[in-house]
2 protein chains.
Amino acid sequence: MRLSVDNINQRVVAAKYAVRGELAVKSEEYRAKLSKGDTGLPFSEVISANIGNPQQLDQKPITFFRQVCSLLENPQLLEKEDVLINGLGYKTDVIERAKWLLSQVGSVGAYSASKGVPAIQESIAKFLERRDGFPANPANIYLSGGASSGVNTLLNVMCTGKEAGILIPIPQYPLYTATLSVLDATPVPYLLDEAKSWGTDLETIRAAHEKAKADKLDVRCIVVINPGNPTGASLPEEDIRAVIDYAAKENLVIMADEVYQTNVFIGKFHSFKGVLRKMQQEAPGKYDGVELASLHSISKGMVGECGHRGGYFELVGFDPEVEANIYKFVSIMLCAPVIGQCLVELMVNPPKPGEPSYDLYRQEYDGIFQGLRERANALHKAFAQMEGVECGEPQGSMYLFPTIKLPAKAAEAAAAENRTADEFYCMRLLEATGICVVPGSGFGQAEGTTHFRTTFLAPGTEWVGSITKFHKEFMDKYR
Amino acid sequence: MRLSVDNINQRVVAAKYAVRGELAVKSEEYRAKLSKGDTGLPFSEVISANIGNPQQLDQKPITFFRQVCSLLENPQLLEKEDVLINGLGYKTDVIERAKWLLSQVGSVGAYSASKGVPAIQESIAKFLERRDGFPANPANIYLSGGASSGVNTLLNVMCTGKEAGILIPIPQYPLYTATLSVLDATPVPYLLDEAKSWGTDLETIRAAHEKAKADKLDVRCIVVINPGNPTGASLPEEDIRAVIDYAAKENLVIMADEVYQTNVFIGKFHSFKGVLRKMQQEAPGKYDGVELASLHSISKGMVGECGHRGGYFELVGFDPEVEANIYKFVSIMLCAPVIGQCLVELMVNPPKPGEPSYDLYRQEYDGIFQGLRERANALHKAFAQMEGVECGEPQGSMYLFPTIKLPAKAAEAAAAENRTADEFYCMRLLEATGICVVPGSGFGQAEGTTHFRTTFLAPGTEWVGSITKFHKEFMDKYR
């Protein structure tokens, strides 16, 4: 029997990944048309606001990082230090870092150890120690191809089948539900509290967990995305403490997706690892059993190197035999991209004050941060003026996730197209403006509410104006 | 319940991946000891002959490739063309290629489209057309993070569960059985014919398939590794024709793992795609239904850029709805590393005669090829002189896979350690010499036979001498 959609793996068929779904595919078709000179579209540019892809839009890479990478890719350049310094303006710390990384990796074209380059694991451990004020063990750190591949590894190891439940925030980044679908495990959704800046609510978590237990699910893990995707919210320390305390009592693994840890405009990032260690110190013995996996990435933040596919996860409190199986699982795919691993090293160990590359690094880093905040605020301001749109202040990450209240006639028109109201709205937006956003249903949302997620990465204000104009026309048409 | 080896995903626990298994872990421990100045070991260097990792050993990257990559990583360098040319010796075609690739990818730090950069898909299609003499459709080409990730994608989509059977050559590269274990699908092993230079034997395939059907398996696919891993054999065209003909009759998807297509010393590489197109031309209509996925990689060959995790697969004859699900599956992991995709482009579209970088490229490429052949021959010569060791002439890939006939006393000693005879032999070899090879049981072997796989990548002849010396002592001890 030839392969068909009816006889292939139905767990793959059932998986949904709206970030690159129908709308994204259509937007790429528009982009291709435009690049072939098509003038029949009502817009002249496609804006991919569906995906956190900073360098596709305006964000420039950090000079220090890329200078080091250029030397890692072509070590022959190190034989011409005078040209590098006098002809190309490379600083001495660029050259030193490249030499050191090469001494550790050999060649970026060689496989590293399965868990990553040992010296890079050590650099990450030192970063975690500086960040949290508590030591980290390099042996528990696993380099990965972006955080996505780390999530995939951990869910593969934890999920035994349909009976395995994983607590997932709603709204969530759909990597989680898509991966659980492929693994035939069961997502146990818990709603974030939009009224409280999308924080976690322990009673909601408990209720979801109790219901899952009553449904005979073996709930193994709670996923927390902090700062949130798509919400941008940074959890207050008390929310994190409550989750850790609950996980300890209920023997839930905590998976802390912390890839937006530097994209914080309001509040402060508290790492699960740091809070856990504090709680362990305050109440000796009580939290020793907690199993925590926390993930980070070079894709987001001011680094924005998602095309390089770099990241890591740190395990705390895992059984060594379980870790041995995680090792085996990652070793089957050999290793994370080595140049991506080197970018992780650069991210966690950037130039320090007084070092030759520091001033430029600082200036670039701060410039990106300010630029993101300004764009977020401009977009937020536009949303505030749109009829039926509500959006909390931009808190962080790379996204806004406004609620939109659509007229009943829009919902009817959507149903006639076999779409949800938010899909219908986003499709019309794309067709009218070339702006691609993701319907809230792609992340999950409370019943009866409608959202969409947009990045605030695109430069300029023209596209924001297009959204405002489209929205007014849409509302006029369906009011 | 905390995670333990008893309650995590038992499909992961059951997976075996000997290439980076116990021996590899032990060899890394030795390496760490040596680097800390330990002088208590009977060797001064660890030789990782367990894994095809060319640049970890002696193989230098191709200059043209890495020069281009250095510019992709730091596009600011393109503002100083005179320094690049006069100060660093970059040729104009290096600069042109980098500019062109950057015009296509934007930034190597940005996500590409899920299937890869469209211009790189087109470059690959042109390469396939030159290689095979038949057109290729860029839309059917998927960039992947090495071939491993392509195999993982395809098996995920094809495997529905235990009832799904996949025909796997024995010996095989253990990625296949490990992935099938994780997916809870059933490998259907078919033995390669050692007496016929490890070719495929259709009657053996048919018998394995018939038995699987009798066992109620839904056999969906036949995997062929050509040139072979671990065997190095290049299949003659008639073997490939027989497999295609059989697959057509039996509606089996063909997965052709062709990552060693340029590592051929004896015979000639025939691509499945090229042979299929010829058969389709010769017998119109008869082979139209054949579904073929063929994979290639930047990790092997004279490129050897495995640390960059680049590769692709081409689909022929797949149902568009099935392809849509493959698209969705790869999009969940976003995209293959973009610098790795660029290296794929460079591999399939290297400098041409007359272009400024051509002479050096040719010289480096041929030098690597000759070096591999010489090392393979030296190792083969040593094996020929070892008691109880038989090894066919080196045919290709990066490996030799000799048979060893071990004395009964060795088998007894192995059993006392709860190891197979080949594991026992390889462990003693590692302990005595620091040379890490992989026991034949890690790949599968005919019952009653014993093999090991060694790469011939390590430079020099000293390590070959160490194997010879060890082997003599081992045989003397257990004879």
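Below, all heavy atoms of this structure are taken into account, side chains as well, without hydrogens, waters or symmetry copies. Chain naming here is simple, since letters A, B, ... match the order of the sequence lines and numbering starts at 1 in each.
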**Prompt:** Less than 4.5 Å apart, any side-chain heavy atom of I8(B) and any of N325(A)?
**Reply:** yes

**Fill in**
Counting heavy-atom pairs under 4.5 Å with chain B, the top scorer among S4(A), G106(A), S114(A) is S114(A)

**Prompt:** Do you know which of D82(B), L334(B), V338(B) has the most heavy-atom pairs under 4.5 Å to chain A?
**Reply:** L334(B)

**Complete:** Taken to the nearest 0.5 Å, the spacing of S107(B) OG from E305(A) CD works out to 6.0 Å

**Prompt:** By a 4.5 Å heavy-atom criterion (distance strictly below it), what part of P337(A) contacts chain B: side chain, backbone, both, or neither?
**Reply:** both

**Request:** Pick one of side chain, backbone, both or neither for S48(A), based on which atoms fall under 4.5 Å of a heavy atom in chain B.
**Result:** neither

**Request:** Give the member of G317(A), G340(A), G146(A), G89(A) that has the highest number of heavy-atom pairs under 4.5 Å with chain B.
**Result:** G317(A)

**Message:** Below 4.5 Å, heavy-atom pairs only: which of E291(A), E28(A), M158(A) has the largest tally toward chain B?
**Reply:** E291(A)

**Item:** Value rounded to 0.5 Å, distance of OG in S331(B) from OH in Y17(A)
**Value:** 6.5 Å

**Prompt:** With only heavy atoms counted, which part of V182(A) is less than 4.5 Å from chain B, the side chain, the backbone, both or neither?
**Reply:** side chain

**Prompt:** So which part of I332(B) gets closer than 4.5 Å to some heavy atom of chain A, the side chain, the backbone, both or neither?
**Reply:** both

**Prompt:** Just checking, is any N or O donor in the side chain of S70(B) or R66(A) under 3.5 Å from an acceptor N or O on the other one?
**Reply:** no

**Partner chain B: residue of L71(A), T63(A), T179(A), D218(A) with the largest heavy-atom pair count (under 4.5 Å)** = T63(A)

**Request:** Could you tell me which portion of C159(A) (side chain, backbone, both or neither) has an atom closer than 4.5 angstrom to a non-hydrogen atom of chain B?
**Result:** backbone

**Request:** Please flag which part of A164(A) lies under 4.5 Å from any non-hydrogen atom of chain B: side chain, backbone, both or neither.
**Result:** neither

**Options V5(B), N53(B), V322(B), ranked by heavy-atom pairs under 4.5 Å with chain A, top entry** = N53(B)

**Asked** Is the shortest heavy-atom distance from the side chain of N7(B) to the side chain of R220(A) under 4.5 Å?
**Response** yes

**Request:** For residues N74(A) and F65(B), determine if any side-chain heavy atom of one lies less than 4.5 Å from a side-chain heavy atom of the other.
**Result:** no

**Which atoms of P75(A) approach chain B - backbone, side chain, both or neither, heavy atom under 4.5 Å** = side chain

**Prompt:** Are side-chain heavy atoms of R309(A) and Y111(B) found at a separation under 4.5 Å?
**Reply:** yes

**Message:** As an exercise: rank L3(A), V12(A), I339(A) by heavy-atom pairs under 4.5 Å with chain B and give me the winner.
**Reply:** L3(A)

**Asked** Pick from V25(B), L175(B), L72(B), L88(B): which one has the most heavy-atom pairs with chain A under 4.5 Å?
**Response** L88(B)

**Prompt:** Is a side-chain donor or acceptor of R2(A) paired with a backbone partner of G289(B) at a separation under 3.5 angstrom?
**Reply:** yes

**Message:** Determine whether a donor-acceptor pair (N or O, by modelled atom type, separation under 3.5 Å) exists between the side chain of N9(B) and the backbone of N156(A).
**Reply:** yes

**Asked** G87(A) and V83(B): which non-hydrogen atoms are nearest, and at how many Å?
**Response** O-CG2, 3.8 Å

**Donor-acceptor pair, side chain of K328(A) and main chain of A15(B), under 3.5 angstrom** = yes

**Item:** Between R11(B), K16(B), E250(B), Q59(B), the one whose heavy-atom pairs under 4.5 Å with chain A are most numerous
**Value:** R11(B)

**Item:** Minimum side-chain heavy-atom gap E73(A)-H308(B) below 4.5 Å
**Value:** yes

**Message:** Given heavy-atom pairs under 4.5 angstrom as the criterion, report whether the side chain, backbone, both or neither of A24(B) touches chain A.
**Reply:** neither

**Message:** Heavy-atom pairs under 4.5 Å with chain A - which of Q76(B), Q56(B), M333(B), E321(B) has more of them than the others?
**Reply:** M333(B)

**Prompt:** Which region of V13(A), side chain (C-beta onward) or backbone (N, CA, C, O), has a non-hydrogen atom less than 4.5 Å from a non-hydrogen atom of chain B, or is it both or neither?
**Reply:** both

**Message:** Taking every non-hydrogen pair under 4.5 Å, which of V303(B), D319(B), V157(B), L183(B) racks up the most with chain A?
**Reply:** V157(B)

**Request:** Counting only heavy atoms closer than 4.5 Å, note whether Y173(A) contacts chain B via side chain, backbone, both or neither.
**Result:** side chain

**Request:** Go through the atoms of A336(A) and report whether side chain, backbone, both or neither lie under 4.5 Å from a heavy atom of chain B.
**Result:** backbone

